[in-house]
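Let me begin by presenting the structure, written as structure tokens, before commenting on it.
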Amino acid sequence: MTEKTVTVNTPLAKTFGWLHVNGTHLPAGESAPEKRLAIACGDEKILILNEAVRLKAELEDNAVFRLIQVRYAEEESRAVNDIQVTCGKDAVFEWYRVILGGRATYDNCSVTLAGAGSRFEANIGYRLEGEELMDMNCEAIHTGKKTESLIRASGVLFDRASKLLRGTIDLRRGCAGAVGNETEDVLLIDDTVRNRSVPVILCSEEDVVGNHGASIGRLDEDLLFYLQSRGIDNASATELMAKARVDAIIRRIPDGQLRAALLKED
Amino acid sequence: MSETKTHIEDVNRAFYDFRFEEKDAYRVRSGLTPEIIKEISAEKKDPDWMRDFRLNSLEIFERTPMPDWGPSIEGLDIDNIVTYVRPNAERMNTRWEDVPDDIKDTFERLGIPQAERTSLAGVGAQYDSELVYHNVRKEVAALGVVYTDIESALHGEYADMIRERFMHLVPPTDHKFAALHGAVWSGGSFVYVPPGISVEIPLQSYFRLNAPGAGQFEHTLIIVDEGADLHFIEGCSAPKYNVANLHAGCVELYVGKNAKLRYSTIENWSKNMYNLNTKRARVEEGGKIEWISGSFGSHVSYLYPMSVLKGAGARSEFTGVTFAGAGQNLDTGCKVVHGAPDTTSYVNTRSISKDGGISTFRSAIVVEPKAVNSRSSVSCQSLMVDDISRSDTIPAMDIRTAKADIGHEARIGRISDDAVFYLMSRGLSEDEARALIVSGFADNVSKELPLEYAVEMNNLIRIEMKGAIG
């Protein structure tokens with residue numbers, strides 16, 4: 001009998017089948033507890049979660065929701081995380097996702113910017129080592145006018161780590177004045193790593209702007225040389241620059257205590 | 001600022017929509033069966049291996065599913081497509097006066113003989129399923145350059161060279177329409193440029209599909225040997241019919257060590273055409289492939305020229321422009337596989353969507369573990385002209401070595417008000433400013449085309465701007 005599977009991280013738009021990035025098949029039955037959240041008009045909420053979750057959140061007009069999720073290096077298990085958020089008028093959703101380890105992390109974050117002037121910001125930082133895997137789908141669906149999204153990802157891969165990030169900005173008809181931006185900065189340390197990026201912009205509205213920029217590669221040799229000329233050995237310089245990639249995201253975390261703790265231990 | 005917008009005209013197709021009465025000499029029944037494949041094979045006097053290859057490809061076609069990721073091709077019923085139509089002409093003429101009058105008139109109207117006289121080293125002209133004319137300048141032939149129809153070459157001194165390479169870069173198992181091509185291919189060109197030879201002026205093949213409800217499945221095989229240099233131009237057009245036509249050609253390009261090949265295409269199929277074409281190049285050490293691609297026609301396109309950078313230091317450049325108007329869904333882009341150290345790729349595309357047209361840029365950049373010190377840069381820009389059209393950008397990157405530098409940028413937007421304002425402050429009217437911006441947007445790519453091809457381009461892109469102020 002074949003094992004039942006469930007497909008996670010299915011993107012809004014598929015690409016060539018041979019790239020094997022149009023979703024991930026996992027054994028059925030692995031499911032995080034489901035949470036439902038409604039944030040009332042004008043309320044602000046910060047939620048810090050260290051475990052995977054299935055979360056559906058409705059943000060009423062002017063509501064602000066900041067979700068901080070950190071996955072620590074000592075976690076060996078597989079985590080399947082699913083966040084679905086709908087934003088009302090002028091509502092703001094900020095997602096801070098820091099992955100510092102864990103055997104395999106499967107994340108989906110889908111945000112619908114339905115209310116005019118609503119905003120979504122994703123800050124994704126990761127440091128993957130050994131055989132670690134990160135497989136993420138992050139999408140901003142713009143349906144409201146003058147909505148804004150920013151997907152910002154910055155990370156580093158060591159050893160045989162593998163990362164797949166599908167980021168989608170979907171500018172749908174009627175979202176006039178919307179702006180979607182996505183940036184990705186990936187530092188590759190070892191020759192055995194694998195980085196896959198699928199930055200998608202879908203657009204069916206004229207009066208919008210969608211931008212994507214990605215930089216993927218090795219350490220800047222000039223910078224490395226400079227650091228070495230200042231007495232910092234190769235390993236320390238590499239570690240310094242790797243840490244800077246993740247710290248760039250950690251510094252944006254709105255919880256001071258957590259931010260300080262992560263910057264200290266990272 | 002005024003709410004009114006610049007009007008951008010569709011590509012003017014009237015130039016290509018003339019047609020002549022069908023006077024084909026032979027055609028197979030519509031649909032696909034082993035009997036039809038054997039009939040085509042017998043008609044073309046295939047060697048045994050090719051007949052077996054066709055039948056094997058048909059089996060692959062039948063068991064291969066339709067792609068599940070691109071534009072809908074539900075309107076295409078292969079059972080209604082006639083896969084082989086031989087025009088009423090000798091298979092291949094080397095004298096223009098021997099080509100039948102109606103076919104000759106078709107190519108005269110498209111300006112092909114004139115272009116041959118003025119700016120080309122050789123010309124091939126395919127009408128429906130067969131090449132009807134092929135010629136190469138004597139001084140070019142004297143250099144050892146071979147430019148002929150692929151079927152003649154299959155029976156001549158280059159038979160082994162073709163057998164070793166035919167559908168090796170694009171095997172029938174690649175996808176469903178590669179398998180279809182393997183089963184029913186007909187016509188196309190074979191080019192061989194010997195080592196060290198630089199062909200100073202381009203060769204051109206022109207493909208014209210005249211028969212309604214037919215398919216065109218030409219195969220182009222080009223070998224540019226070590227240190228050689230070639231520019232090859234491909235043009236395609238068809239009159240518009242109310243039934244679906246299908247183009248599933250295949251292009252295989254072998255670029256040798258330190259060789260260079262520029263492959264330019266201006267595709268202007270009619271808007272009833274399903275353009276499911278496959279193009280692929282393999283580039284050896286120090287070699288370079290340059291793709292220049294203009295996609296203006298067809299109802300649905302799946303077109304992603306692929307470069308396999310096999311040798312150290314191999315390079316690929318892709319420059320493309322896509323214009324999708326009413327009723328068109330053009331899914332275009334490119335694929336690059338970095339398979340050796342020090343390889344580089346550069347992708348630069350523009351797309352324009354209007355009147356409900358859909359343009360999609362789709363790409364794949366793969367850097368294999370052994371491709372250390374490879375670099376890739378991808379830039380794609382899309383212009384939305386109205387709010388009933390659609391423009392998507394779907395790039396993918398798969399990087400498997402740390403010793404690589406990969407950059408990607410994409411932008412989708414409309415005509416910038418700031419740019420219009422700036423130009424107006426320099427004395428241009430609003431409509432002039434918008435016209436300048438739009439033509440500049442497409443010009444970034446069209447300037448890469450050879451000067452002598454500008455006439456063809458001018459016939460294809462009639463982006464007319466008119467002010468709508470007040």
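The structure presented is a predicted model; accordingly, all values stated were derived computationally and were not measured. Naming: A, B, ... by sequence-line order, numbering from 1 per chain. All values below come from the heavy atoms of this structure, side chains included, with hydrogens, waters and symmetry mates left out.
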Student check: side-chain heavy atoms of Thr393(B) and His212(A) closer than 4.5 Å: no

Closest heavy-atom pair and its distance - Arg362(B), Thr15(A): NH1-CA, 3.5 Å

Rounded to the nearest 0.5 Å, what separation is found between the CD atom of Gln381(B) and the CG atom of Asn211(A)? 9.5 Å

Answer with side chain, backbone, both or neither: which region of Ser363(B) has an atom nearer than 4.5 Å to a non-hydrogen atom of chain A? backbone

Find the distance between OG (Ser162(A)) and CZ (Arg400(B)) and round it off to the nearest 0.5 Å. 9.5 Å

So, Asp387(B) and Arg173(A), do they make that salt bridge, N to O below 4.0 Å? no

Pro199(A) and Pro395(B) have their tightest heavy-atom pair at O-CD, 2.8 Å

If I take atom CG from residue Leu202(A) and atom CZ from residue Arg390(B), how far apart are they, to the nearest 0.5 angstrom? 5.5 Å

Rounded to the nearest 0.5 Å, what separation is found between the OG atom of Ser376(B) and the CD1 atom of Ile216(A)? 9.0 Å

Kindly indicate whether the side chain of Glu205(A), heavy atoms from C-beta on, has any atom under 4.5 Å from the side chain of Ile412(B). no

Report, in residue-number order, which members of residues 174-190 of chain A are under 4.5 Å from chain B by heavy-atom distance. Leu188(A), Ile189(A), Asp190(A)

So, Asp392(B) side chain and Cys203(A) main chain: donor-acceptor pair closer than 3.5 Å or not? yes

Looking only at heavy atoms and a cut-off of under 4.5 Å, which of Val198(A), Asp191(A), Val200(A) has the most pairs with chain B? Asp191(A)

Which of these passes side-chain contact (heavy atoms from CB on, under 4.5 Å) with Arg194(A): Asp398(B), Val367(B), Ile399(B), Thr401(B)? Asp398(B)

Taking the side chain as every heavy atom from C-beta outward, state whether Leu19(A) and Trp69(B) have any pair of such atoms under 4.5 Å apart. no

At a heavy-atom distance under 4.5 Å, which candidate from Ala364(B), Gly70(B), Pro369(B), Ser353(B) has the highest pair count against chain A? Ala364(B)

Identify which of Gly213(A), Gly17(A), Gly210(A) forms the greatest number of heavy-atom pairs closer than 4.5 Å to chain B. Gly210(A)

Taking Gly407(B), Gly413(B), Ser391(B) one by one, which has the highest count of heavy-atom pairs under 4.5 Å against chain A? Ser391(B)

Could you tell me which residues satisfy side-chain hydrogen bond (donor to acceptor under 3.5 Å, both in side chains) with Arg71(A), sequence neighbours excluded, listed by chain and number? Glu75(A), Thr105(A)

Engaged part of Asp174(B) at the chain A interface, taking heavy atoms whose separation is under 4.5 Å: neither

With a 4.5 angstrom heavy-atom cut-off, is it the side chain or the backbone of Val366(B) that approaches chain A, or both, or neither? side chain

Counting neighbours of NZ on Lys176(B) that are heavy atoms of other residues, nucleotides or ligands and sit closer than 6.0 Å, is the number greater than 12? yes

Just checking heavy atoms, which of residues 331-347 of chain B are less than 4.5 Å from chain A? Lys335(B)

First locate atom CG of Asn195(A), then atom CD1 of Ile406(B), and finally report the distance between them rounded to the nearest 0.5 Å. 9.5 Å

Need one label for Tyr304(B): side chain, backbone, both or neither, based on atoms under 4.5 Å from any heavy atom in chain A. side chain

Who wins among Val208(A), Asp207(A), Leu219(A) for the most heavy-atom pairs under 4.5 Å with chain B? Asp207(A)

Which residues in residues 7-14 of chain A have any heavy atom lying under 4.5 Å from a heavy atom of chain B? Ala13(A), Lys14(A)

Which atoms of Val209(A) approach chain B - backbone, side chain, both or neither, heavy atom under 4.5 Å: both

